[in-house]
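Contents: one structure, followed by commentary.
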Amino acid sequence: MSDMSASDPGGQAADIRQPLLAAAGKGSERLTVDEMLQKHCGEFGRWQLRHFVLTSLAWVLEAFHTLVMIFADQEPEWSCVGGGSGCGPEGARICEMEPGWWRWSGATGISTVSEWGLICGEKYKVGLVQAMFFGGCMIGAGIFGHLSDSTLGRKGSLKVVCILNAVFGIATAFSPNYWIYTLLRFLTGFSTGGVGLCAFVLATEPLGPAKRAAAGMSTFYFFSSGIAALSAIAYVFKSWRQLYIATSLPSFFFLFLVLPFISESPRWFLVRGRVTEATNIMAAIAKANGNHLPEGVFLAIDEDTKQSSKQDQIQQTTQSGSLLDVMRSPITRIRLILAVAINFMCAVVYYGLSLNVVNLDTNIYLTVALNAVAEMPAFLITALLLDVCGRKPLAIGTLWFSGVFCLCGSLMKGVGMWKIVRMVCGMLGIFGMAGTYNLLYIYTAELFPTVVRNAALGCGTQASQMGAILAPFVVVMGGGLPFAVFAGCGIMGGALAFYLPETLNKPLYDTMGGIEDGEKDCLNNA
């Protein structure tokens with residue numbers, strides 16, 4: 001299957017299409033991918049289930065590379081070795097002690113903090129590494145979002161980011177000093193930024209419209225499962241160098257043991273003018289699902305299905321798009337601006353509340369695992385309500401749910417029982433925002449056509465990374481102020497979602513012209 005993800009040389013696409021063009025004469029039926037899935041292939045059968053599960057395993061890899069820093073950059077426990085006033089089990093402050101009065105309880109190689117002395121005046125470097133990682137994610141999301149829509153394709157881009165993740169991740173384990181470590185974390189972030197969006201689009205594009213939303217939202221179970229698995233791996237491999245190797249090797253396993261059994265998206269083949277490959281995949285889907293693709297049925301992009309029935313041939317051409325095309329169209333321009341703003345605010349709240357929960361004085365391995373498990377009910381509830389309430393009302397509801405509880409948390413005092421109430425408000429806030437995060441991927445994907453879908457998702461991911469970079473600085477303010485900021489972001493994000501269109505039971509368009517024609521038809525029929 002790997003050869004199918006390569007870009008089409010000039011002229012080859014025309015040769016490939018010639019047999020199909022000749023056959024698609026009078027009396028043939030031209031269908032979009034969605035129509036063919038509904039009528040002949042099946043919307044979610046055995047083929048799609050296998051493809052969805054295998055592709056979504058990439059989310060586990062993203063969880064490994066993103067959150068490994070929680071364990072690798074943690075501050076280990078320390079103890080006094082004698083001498084000095086105030087050096088005791090209570091009230092002792094490491095930065096106020098003389099050198100030699102204290103020592104790390106375990107080996108110095110447990111974390112980067114103990115190995116390179118990232119404490120006191122050097123503590124900012126821990127936050128700098130995190131910011132650099134998310135900065136790399138922001139850049140990588142945009143670049144790989146464009147490449148997966150154009151030359152590399154969805155599968156080709158996923159292959160590249162897996163290779164880079166494995167190489168940079170293992171290289172990080174051999175960092176000789178802090179600055180090389182920071183550079184390699186930036187490069188790992190660059191490749192990690194493309195993992196989730198490529199895997200999401202590749203997993204959901206072969207699904208029928210009736211099943212796409214619920215299945216798409218299920219991808220986040222893989223991310224949460226990856227976080228829980230990371231906790232177990234970190235518990236076994238206590239050294240930060242061993243941990244980076246242990247969490248990077250699975251990217252090689254995915255590359256050689258999983259990716260060869262994943263197909264390229266038929267939608268990407270179609271918009272690139274490679275109709276034969278797209279049709280072959282649709283035929284394979286139908287066969288695996290116990291159906292049959294009849295003769296005289298041909299794939300076409302949504303623009304071609306609207307052409308006059310008097311036309312004797314299907315004029316299938318390569319379609320491509322970029323963010324410039326998104327910004328030129330009034331329909332997609334406002335959608336992109338709103339999606340970017342909402343993704344940014346959602347990330348500030350989600351990552352900010354996550355950091356507040358991790359700061360609890362509990363076992364770090366157990367805490368991270370429980371946080372991952374706690375998000376799963378939010379995924380289930382949003383998936384169940386998605387086709388009942390619609391995307392737009394659910395997005396507004398989850399954002400405001402989180403914002404209201406963050407507002408309540410900002411009004412609570414951090415003493416006595418009020419401290420527990422504030423903690424509960426934070427848990428409910430992250431519960432609601434986890435549901436929003438789950439929804440945003442499928443909602444954003446449905447707002448844009450195939451030719452620019454990954455590029456638009458990449459912009460949303462970049463906005464999320466910017467929010468992730470800002471979140472730690474909000475948390476540092478302490479007291480009730482972070483909750484107030486999170487409340488403002490949640491409530492404002494819900495207000496902006498009012499201006500997005502509903503995509504429930506709407507077709508997944510292939511081209512910019514297709515979405516513009518579809519919106520005109522909706523206005524005419526209204």
Side-chain angles (χ1 to χ4, degrees), residues 62-63 65-67 69-70 126-142 144-145 185-186 189-190 192-197 200 220 223-224 227 335-359 371 375 378 395-396 398-403 405-407 409-410 426 429-444 447 456-477 481-497 500:
E62 178 168 355
H65 291 287
T66 301
L67 298 177
M69 67 180 68
I70 294 178
V126 177
L128 179 61
V129 173
Q130 182 177 0
M132 291 296 291
F133 174 84
F134 285 117
C137 288
M138 182 176 63
I139 298 173
F144 286 108
R185 284 301 289 165
F186 170 80
F190 172 77
T192 302
V195 174
L197 67 93
F200 179 83
F220 289 89
F223 186 80
S224 296
I227 299 175
R335 293 183 181 186
L336 182 65
I337 294 172
L338 290 171
V340 165
I342 294 171
N343 272 277
F344 173 81
M345 295 177 187
C346 181
V348 171
V349 181
Y350 178 81
Y351 285 104
L353 289 174
S354 297
L355 290 174
N356 273 347
V357 174
V358 171
N359 285 334
N371 287 342
E375 294 179 2
I396 297 171
T398 53
L399 282 163
W400 280 1
F401 181 92
S402 179
F405 279 102
C406 287
L407 180 61
S410 68
I430 198 171
F431 173 85
M433 201 53 65
T436 307
Y437 243 127
N438 195 15
L439 169 66
L440 278 182
Y441 254 88
I442 189 67
Y443 198 7
T444 305
L447 287 171
L457 277 173
C459 283
T461 304
Q462 286 179 300
S464 294
Q465 304 309 333
M466 291 180 65
I469 294 172
L470 178 62
F473 298 100
V474 177
V475 173
V476 168
M477 293 187 292
L481 191 55
F483 275 98
V485 175
F486 301 151
C489 289
I491 294 173
M492 188 180 299
L496 291 177
L500 287 174

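This chain uses plain numbering: 1 for the first residue, then up along the sequence. Heavy-atom basis, side chains included; hydrogens, waters and symmetry copies ignored.
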So, for [X] and [Y], which heavy atoms are closest and what is the spacing to 0.1 Å?
{"X": "Leu399", "Y": "Gly494", "answer": "CD1-N, 3.5 Å"}
{"X": "Thr192", "Y": "Cys137", "answer": "CB-SG, 4.3 Å"}
{"X": "Gly145", "Y": "Leu197", "answer": "CA-CD1, 3.8 Å"}
{"X": "Gly490", "Y": "Met433", "answer": "CA-CE, 4.5 Å"}
{"X": "Cys489", "Y": "Val348", "answer": "SG-CG1, 4.1 Å"}
{"X": "Leu353", "Y": "Gly429", "answer": "CD1-C, 3.5 Å"}

Hits for side-chain contact (heavy atoms from CB on, under 4.5 Å) against Val129, two or more places apart or cross-chain, chain-then-number order -> Asp73, Tyr178, Tyr181, Thr182, Arg185
Contacts of Ser464 meeting side-chain contact (heavy atoms from CB on, under 4.5 Å) (sequence neighbours excluded), chain-then-number -> Asn343, Ala347, Tyr437
CG (Leu407) and CH2 (Trp400) are apart, to the nearest 0.5 Å, by 13.5 Å
Here the gap from Phe134 atom CZ to Ile139 atom CD1, rounded to the nearest 0.5 Å, amounts to 14.0 Å
Side-chain contact, heavy-atom cut-off 4.5 Å: [X] with [Y]?
{"X": "Phe405", "Y": "Phe431", "value": "no"}
{"X": "Thr436", "Y": "Ser402", "value": "no"}
{"X": "Leu496", "Y": "Met345", "value": "yes"}

### Query
What orientation do Phe483 and Phe486 show, parallel under 30°, tilted 30 to 60°, or perpendicular over 60°?
perpendicular
*Please lay out, stage by stage, how Phe200 and Ile442 fare under the test side chain to side chain contact (heavy atoms under 4.5 Å, CB included).*
CA-CA 9 Å; Phe200 179 83; Ile442 189 67; 4.0 Å; yes
Applying side chain to side chain contact (heavy atoms under 4.5 Å, CB included), run through Leu338 and Leu447 and close with a yes or a no. CA-CA 11 Å; Leu338 290 171; Leu447 287 171; over 6 Å; no
**Report entry** N/O donor-acceptor pair under 3.5 Å between Glu62 side chain and Gly196 backbone
**Finding:** yes
Subject >> Heavy-atom donor-acceptor pair, Thr398 side chain to Ala395 backbone, under 3.5 Å >> reply: yes
Above 12 or not: heavy atoms from other molecules or residues under 6.0 Å from CE of Met69? yes
Sequence neighbours excluded, the answer for side chain to side chain donor-acceptor pair (under 3.5 Å) partners of Tyr350 is Glu375
Evaluate the criterion side chain to side chain contact (heavy atoms under 4.5 Å, CB included) for residue pair Phe133 and Thr66; output intermediate values, then yes/no. CA-CA 8 Å; Phe133 174 84; Thr66 301; 3.9 Å; yes
### Query
Does the side chain to side chain contact (heavy atoms under 4.5 Å, CB included) test come out yes or no for Ile491 and Cys406, once each step is laid out?
CA-CA 10 Å; Ile491 294 173; Cys406 287; over 6 Å; no
